Amino acid sequence: MNRTPPQPLVVVVDDDAAVRDALDSLLRSVGLQTRVLGSPAELLQAELPDMPGCIVLDVRLPGISGLDLQGQLAVQGIHLPIVFMTGHGDIPMTVRAMKAGAVDFLSKPFRDQDMLDAVSAAIERDIRRRQDSAARGSLDARYATLTKREREVMAHVVAGLMNKQVAGELNLSEITVKIHRGNVMRKMGVRALADLVRQAEALGVGHPPG
């Protein structure tokens, strides 16, 4: 039986209880899961589930600012996209937030739809990040199955060398190179050289020396 995936989680951090309650109600009204917190410390100590979502974060918070908290989250490896909100926004603050990866920066009071649009964009960004991360993890795992010699052959092949040239470079017979090349294609799950080249670029597999 297919299980319906859980709805994304939106973590709201604001020291104003009225704002927290209003956002909690708004986000739940469109089917999102929420978790409301009153301080940066609560967020840093929280055990967040590994699922798509985002953080809605007030810039003015007790203890440290939302912008400083953004940096601490990155250090802790928490990469949920952030939607900032503030009643005292200014241009330098907005620029700093956006440069650090914020999805949006909403000045209070904001329209409900503006918040929902920003949260939707943030969740989409997180879903894409997770998909890219999963794809890269799968690619790394496939590359790890290659032998040292197969990696050498792969590096020469994606550099554009023909089998005969690879054989000369590695002091192998051409038939041995063909076998290694076939193993590389099979293990990496590709049929076309162009796909192998793209994988090599994603892996950062450089051209062999010489």
Side-chain angles (χ1 to χ4, degrees), residues 1-11 30-33 35 46-55 70-71 73-83 98-104 117-210:
M1 190 171 88
N2 292 331
R3 290 186 177 181
T4 302
Q7 288 297 314
L9 174 69
V10 182
V11 181
V30 294
L32 295 167
Q33 295 188 69
R35 186 163 178 180
E47 293 186 7
L48 301 177
D50 184 14
M51 62 189 299
C54 70
I55 299 173
Q70 182 183 25
L73 291 172
V75 170
Q76 288 195 7
I78 298 175
H79 300 297
L80 288 173
I82 296 176
V83 175
M98 290 301 189
K99 282 186 175 180
V103 175
D104 212 334
D117 289 346
V119 164
S120 177
I123 290 171
E124 285 298 319
R125 179 186 291 188
D126 192 45
I127 290 172
R128 288 196 302 272
R129 177 187 66 81
R130 289 168 181 275
Q131 290 172 339
D132 291 344
S133 178
R136 177 55 196 263
S138 175
L139 187 59
D140 287 340
R142 290 198 295 272
Y143 186 68
T145 67
L146 301 184
T147 65
K148 180 181 178 182
R149 180 63 84 188
E150 287 167 352
R151 293 183 186 189
E152 290 174 342
V153 170
M154 176 176 171
H156 284 82
V157 167
V158 299
L161 273 65
M162 305 295 290
N163 288 344
K164 185 175 182 179
Q165 294 171 305
V166 176
E169 289 286 336
L170 298 179
N171 195 28
L172 299 171
S173 69
E174 190 172 347
I175 187 64
T176 298
V177 170
K178 286 182 179 180
I179 291 171
H180 284 313
R181 180 170 178 164
N183 288 340
V184 169
M185 301 290 278
R186 175 177 54 81
K187 289 182 178 181
M188 295 305 293
V190 295
R191 294 184 178 181
L193 176 58
D195 293 329
L196 189 65
V197 170
R198 280 192 288 271
Q199 288 184 338
E201 290 175 351
L203 288 163
V205 176
H207 291 181

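Because the structure is a prediction, the values reported are computed rather than measured. For this chain, numbers begin at 1 and follow the sequence in order.
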Would you call [X] and [Y] a side-chain contact if the rule is heavy atoms closer than 4.5 Å?
X	Y	result
V10	I123	yes
E150	T145	no
V11	L48	yes
R149	T176	no

Might you point out which heavy atoms bring [X] and [Y] nearest each other, and give the distance in Å?
X	Y	value
Y143	M154	CE1-SD, 3.8 Å
R129	H79	NE-O, 3.7 Å
V103	P81	CG2-CB, 3.5 Å
R151	A144	NH2-CA, 3.4 Å
P52	I127	CB-CG1, 3.8 Å

(Q) Assess whether a salt bridge exists between D132 and R128, defined as any Lys/Arg side-chain N lying under 4.0 Å from an Asp/Glu carboxylate O. (A)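 Looking at R128 together with D132, the answer is no, because their closest N to O distance does not fall below 4.0 Å.
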Q.
Can you tell whether the side chains of E201 and R198 come within less than 4.0 Å, N to carboxylate O?
A.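 Answer for the salt bridge query: no.
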Q: Test N163 against every option in H156, R181, K178 by the side-chain hydrogen bond (donor to acceptor under 3.5 Å, both in side chains) rule and name the one that passes.
A: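 So, applying the side-chain hydrogen bond (donor to acceptor under 3.5 Å, both in side chains) to N163 and each of H156, R181, K178, only R181 qualifies.
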Q: Test side-chain contact (heavy atoms from CB on, under 4.5 Å) on V153 and L146 and set out the steps.
A: CA-CA 10 Å; V153 170; L146 301 184; over 6 Å; no
Is the side chain of [X] donor-acceptor paired with the backbone N or O of [Y] at a distance under 3.5 Å, no angle test?
X	Y	value
D126	G53	yes
E152	L170	no
R130	M51	yes
S138	A135	no
R136	A202	yes

Q) Are I55 and L73 close enough, and set up right, to give a side-chain contact (heavy atoms from CB on, under 4.5 Å), and what steps lead you there? A) CA-CA 11 Å; I55 299 173; L73 291 172; 3.8 Å; yes
Q. Can you tell me how far CZ of R142 sits from CG of D140, rounded to the nearest 0.5 angstrom?
A.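 Those atoms lie 9.5 Å apart.
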(Q) Please determine whether side-chain contact (heavy atoms from CB on, under 4.5 Å) holds for the pair T147 and K187, giving the CA-CA distance in whole Å, both sets of side-chain angles, and the decisive distance to 0.1 Å. (A) CA-CA 10 Å; T147 65; K187 289 182 178 181; 4.3 Å; yes
